[in-house]
Amino acid sequence: MSLPGVEEFLARLRQLILDEAEQQRFELRRQWSLPLRQRIAGGYAIEGLQVKDFRKDGAVILACQRNESRFREGDYLVLHRGDITNETSFVRLRGVLEYDDETELALSLNSGNVQPLKEQPSGWIADEDMLDLSFFYLDTLDQAADRLVGRQTILPLITGALAPGVDYQRYERSWEESVALGLNETQAEAVAQAYATDLVHLIQGPPGTGKTFVLAHLARQLVADGQRVLVTGLTHRAINNALNKIAQLDPALPACKIGLEARAQGLLVRNHENFALSEFGDLSGGYVVGATPFATQSDRLTNVEFDVVIFDEASQVTLPLAIMGMLPGRRYVFIGDERQLPPITNLKASEVARTSIFGYLNGRGYETMLTTTYRMNDALAAWPSRTFYGGALQPDPAIAGRRLPLNGASAKWDFVLDPQSPAVFLDLRHHNTMARSRTEAEVIVELILALIQAHIPPHEIGVVVPYRAQSRLIRNLLRQSLPVREMLQDLTIDTVERMQGQEREVVLVSLTTSSPAFAAQLAEFFFQPERLNVAITRPRTKLILVGSRRVLDARPEQPEYQEWVALFRDLIAHCTVHTIPGGRIH
C-alpha cells in the first residue's frame with residue numbers, strides 16, 4: 001500500500017533521471033561532432049599526448065606540449081587517435097583524470113588495458129567523456145519503493161507525510177555537553193537537535209560558521225552512545241574533510257573511510273577499499289565510516305547498516321543520490337547551506353531537478369541555522385549577511401575587527417591592498433572578453449606578487465575564477481613570474497565549485513567576462529547568486545574583485561536573471577572601487 005503522492009513523486013524522479021542522462025549524451029555527442037581544432041580551442045580536448053610512464057596502480061602518465069583544457073582532477077576522459085564519432089574505427093580508452101600538472105597528466109583507465117598505449121605511445125587525443133549513472137539512480141528508486149525503510153520512512157519523509165520527533169532528555173544531555181565543550185549557542189542547538197531526533201534534522205551552515213566542527217561533535221556524541229554512523233556526501237573531499245575534523249577532535253574515536261586508496265590523500269584515518277577487509281565489522285560499539293552513497297550500492301558497503309547517516313554539503317546532493325545514501329540508515333542529518341552551490345544538473349525546467357535534498361526538506365520546522373562566522377571580518381560579513389541570511393550572520397567579536405596583516409606592501413598596488421578597505425572592486429574597463437581575460441590575469445599575477453612581497457604566505461592567497469580556462473591562464477603566467485615553484489603549488493587558483501568549503505586570508509575574484517552579450521547568454525551560470533555568495537565568502541580579511549564594469553550592462557531576457565545582475569551591482573556598490581583602464585597604472 002503506497003501513500004498518496006509517492007508513486008507520482010517516484011515517476012517524476014525516474015523521468016528526471018532519464019532526461020538528465022539523455023541530455024548529457026546529447027551534449028557530449030554535440031561536443032564530439034565539432035572539429036578537433038574547435039574542441040581544443042574551447043578547452044574540451046588535448047592533442048599530441050605521449051605516454052611517459054605506467055604507474056603500479058594502473059594509471060598512465062601522459063605528456064603534451066600544450067594544455068589549455070578545462071579538464072581537472074576527477075573528470076572523465078576518453079583517449080583515442082582519430083574520429084571520435086566513429087565508434088568502430090579505433091580503440092577508445094576511457095578513464096578518470098587523477099591529476100593535471102599542465103603538460104603532464106595521470107589517467108586511471110577503467111579497463112586497465114594499456115596494451116594499445118604500449119604499442120602506439122604517441123599521437124593520442126583526450127576528449128571529454130561522461131559516466132552514465134542513471135542505472136544506479138533508477139535501481140535506488142526501485143529499492144526505495146520495495147524495501148521497508150523506503151516505504152515506511154524515506155519516501156514518506158521526503159514527500160511530507162512523516163515528521164520527526166525529539167527526545168528532550170537526550171536533547172538536554174547533548175546541549176549541556178556541547179556548551180561545556182565550548183560550542184556557541186546555535187552550534188550547541190544544532191548538535192542537540194540532531195542528536196535527539198528520532199528521524200531527521202537539518203543544519204544550515206553559512207560560510208565560516210563551523211558546520212564541519214558541528215558534524216564532528218555530533219558524530220562523537222553518537223559514537224559514545226554506541227551508534228554506527230555513516231558520513232557521506234557528494235565528493236570525496238567533503239567526506240575526507242569531515243573525517244579529518246573528527247580525527248582531530250577525538251583521535252581515539254573509531255573511524256575509517258571505505259573507498260579507493262587514490263581518493264584518500266591527506267586522510268587522517270585509515271582507508272579500506274572494502275568494509276569486509278576492515279576491523280569495523282567486528283566492533284561491538286559505535287564507530288564512524290566515511291563513504292560515498294555509491295559505495296553503499298557496491299560490494300564495498302553492501303548490506304552494511306547504520307543507525308545514523310550524516311550528509312555533508314547536502315545542498316549539493318540531489319534527491320536520487322540522497323535516497324541512495326539514506327537506504328542503509330534509520331535516522332538522518334543533513335548539513336548544508338541552500339544559499340551556496342546547488343546540485344549540478346543539465347536540466348533547466350524542473351524544480352525537483354534543481355533542488356537538493358536540503359532545499360527540498362528545508363522550511364518544514366526541523367532545521368537549525370548557525371549564525372556566527374569565525375571567518376569573515378565585520379566588513380566582509382556585512383553584505384552576504386544582509387543579502388542571503390536576513391542579517392542573522394554575524395562575525396565572532398574576536399575576529400570582527402581583523403584586517404589584512406600587511407608588512408611592507410609594494411608601492412604600486414598599495415591603494416588596492418590597503419587593509420582599511422576590506423572589499424575592493426578593481427575596474428579594468430576592458431572589452432568583449434569571454435572565458436579568458438589576459439588583462440585580468442596579468443593584474444592578478446601582479447597583485448599576487450605584491451601580496452607575497454608584503455609577507456602574505458602563498459597558501460593564504462586564493463584566486464576564484466568562473467572558468468577553468470582563466471585559472472590555467474593565470475597559472476601559466478605565474479609560472480613565468482614566481483621565483484620558487486613551490487609557491488605556485490601553495491597557491492589556490494580554481495573555480496567556485498572547487499573553492500566551496502575553503503578559506504584564505506585574502507581572495508581575488510577574476511570576473512573574466514566583460515562581454516555583456518556573452519554574460520547574458522550565460523546568465524544562469526555567471527550571475528547565479530549562490531555562486532556569487534561562495535566566491536565572496538572565502539576570505540578572512542580581504543576581498544579583491546577584478547573585472548570590468550561593462551559586464552554589468554548585460555541584459556538577460558528573464559526577469560529573474562535581471563534581478564541577479566542587479567545583485568552584482570549592489571555588491572560593487574558595497575566595495576571600494578578603483579578604475580584602472582587596461583590595468584595600467586600611469
Side-chain angles (χ1 to χ4, degrees), residues 1-21 133-167 190 193-194 196-204 230 232-234 292-294 296-297 305-339 342-369:
M1 180 176 179
S2 61
L3 291 168
V6 167
E7 290 302 326
E8 180 186 353
F9 172 77
L10 287 173
R12 279 190 296 151
L13 277 188
R14 288 190 181 97
Q15 191 59 52
L16 286 167
I17 291 166
L18 294 172
D19 290 347
E20 172 82 7
L133 299 172
S134 57
F135 169 80
F136 294 96
Y137 291 135
L138 292 171
D139 183 61
T140 291
L141 298 188
D142 289 340
Q143 290 186 55
D146 294 339
R147 291 174 53 182
L148 199 63
V149 67
R151 296 196 309 271
Q152 292 190 350
T153 304
I154 297 174
L155 294 175
L157 167 64
I158 293 176
T159 56
L162 192 62
V166 174
D167 183 326
Q193 289 279 3
T197 186
D198 64 357
L199 181 57
V200 63
H201 193 72
L202 274 63
I203 301 173
Q204 183 178 3
L230 173 64
T232 190
L234 177 67
T292 66
F294 288 102
T296 68
Q297 299 300 301
E305 296 184 354
F306 296 91
D307 300 297
V308 181
V309 181
I310 303 176
F311 289 79
D312 197 12
E313 294 189 355
S315 52
Q316 291 188 283
V317 175
T318 63
L319 288 170
L321 188 62
I323 294 171
M324 188 185 296
M326 294 170 76
L327 283 169
R330 296 299 178 267
R331 303 199 308 279
Y332 314 101
V333 179
F334 297 97
I335 304 177
D337 181 11
E338 61 178 338
R339 302 318 305 263
I344 298 173
T345 175
N346 289 318
L347 302 176
K348 298 179 189 255
S350 171
E351 177 187 352
V352 176
R354 295 167 54 83
T355 303
S356 67
I357 181 66
F358 193 93
Y360 206 76
L361 297 179
N362 197 20
R364 299 187 185 182
Y366 42 85
E367 61 277 331
T368 303
M369 177 175 157

Exercise. Out of curiosity, F135 CZ to T140 OG1, how far, rounded to the nearest 0.5 Å?
Worked result: 9.5 Å
Seminar exercise, completed: When rounded to the nearest 0.5 Å, the distance separating CD of E20 from CD of Q15 is 12.5 Å
Problem set entry | Derivation and outcome, side-chain contact (heavy atoms from CB on, under 4.5 Å), residues L234 and Q316 | CA-CA 7 Å; L234 177 67; Q316 291 188 283; 3.8 Å; yes
For this session: Indicate the atoms forming the closest heavy-atom contact of G233 with P293, along with that distance.
Result: O-CD, 3.3 Å
Exercise. Out of curiosity, I335 CD1 to I203 CD1, how far, rounded to the nearest 0.5 Å?
Worked result: 4.5 Å
Exercise. Does the pair Q204 and F358 meet the rule for a side-chain contact (heavy atoms from CB on, under 4.5 Å), with working shown?
Worked result: CA-CA 9 Å; Q204 183 178 3; F358 193 93; 3.9 Å; yes
Seminar exercise, completed: Output for pair (D139 CG, S134 OG), nearest 0.5 Å, gives 11.0 Å
Problem set entry | Sub-4.5 Å side-chain heavy-atom contact between M324 and T232 | no
For this session: Indicate whether any N or O donor in one side chain lies under 3.5 Å from an N or O acceptor in the other, for Q297 and Q143.
Result: yes
For this session: Determine whether Q193 and V166 make a side-chain contact, defined as any pair of heavy atoms from C-beta on separated by less than 4.5 Å.
Result: yes
Exercise. More than 12 foreign heavy atoms under 6.0 Å from CZ of F136: is that the case here?
Worked result: no
Seminar exercise, completed: In terms of heavy-atom contacts, V317 and A322 come closest through CG1-N, 3.6 Å
For this session: Evaluate the side-chain proximity of L230 to P328: yes if any heavy-atom separation is below 4.5 Å, no if none is.
Result: yes
Exercise. How about S315 and S356: do any of their side-chain heavy atoms sit closer than 4.5 Å?
Worked result: yes
Exercise. Would you call R12 and D19 a salt bridge, taking side-chain N to carboxylate O under 4.0 Å as the test?
Worked result: no
For this session: Compare all side-chain heavy atoms of M326 with those of F311 and state whether any distance is below 4.5 angstrom.
Result: yes
For this session: Apply the side-chain contact (heavy atoms from CB on, under 4.5 Å) test between T153 and each candidate in L199, L148, V200; give the one that qualifies.
Result: L199
For this session: Apply side-chain contact (heavy atoms from CB on, under 4.5 Å) to the pair I357 and L321, showing each step before the final yes or no.
Result: CA-CA 9 Å; I357 181 66; L321 188 62; over 6 Å; no
Seminar exercise, completed: On a heavy-atom basis, the closest approach of R364 and Y366 is CD-OH, 3.2 Å
Exercise. Less than 4.5 Å apart, any side-chain heavy atom of L13 and any of I323?
Worked result: yes
Exercise. Tell me, do I154 and Y332 make a side-chain contact under 4.5 Å, heavy atoms counted?
Worked result: yes
For this session: Locate the shortest heavy-atom distance separating E367 from G363; write the atom from each residue and the value.
Result: OE1-N, 3.1 Å
Problem set entry | From CA spacing to verdict: salt bridge (Lys or Arg N to Asp or Glu O under 4.0 Å), R330, D198 | CA-CA 9 Å; R330 296 299 178 267; D198 64 357; over 6 Å; no
Seminar exercise, completed: Minimal heavy-atom distance between T197 and P164, with the atoms involved, is OG1-CB, 3.6 Å
For this session: Taking all non-hydrogen atoms of both residues into account, name the closest pair between E338 and G359 and its distance.
Result: OE1-CA, 3.7 Å
Problem set entry | Point-to-point distance, once rounded to the nearest 0.5 Å, from NE2 of H201 to CG of L361 | 12.0 Å
For this session: Using a 4.5 Å cut-off on heavy atoms from C-beta on, say whether the side chain of L141 contacts that of I17.
Result: yes
Exercise. Would I158 and L319 satisfy side-chain contact (heavy atoms from CB on, under 4.5 Å), going step by step from the backbone distance to the final call?
Worked result: CA-CA 9 Å; I158 293 176; L319 288 170; 4.3 Å; yes
Exercise. Once you round to the nearest 0.5 Å, how far does CG of L10 lie from CG of L155?
Worked result: 5.0 Å
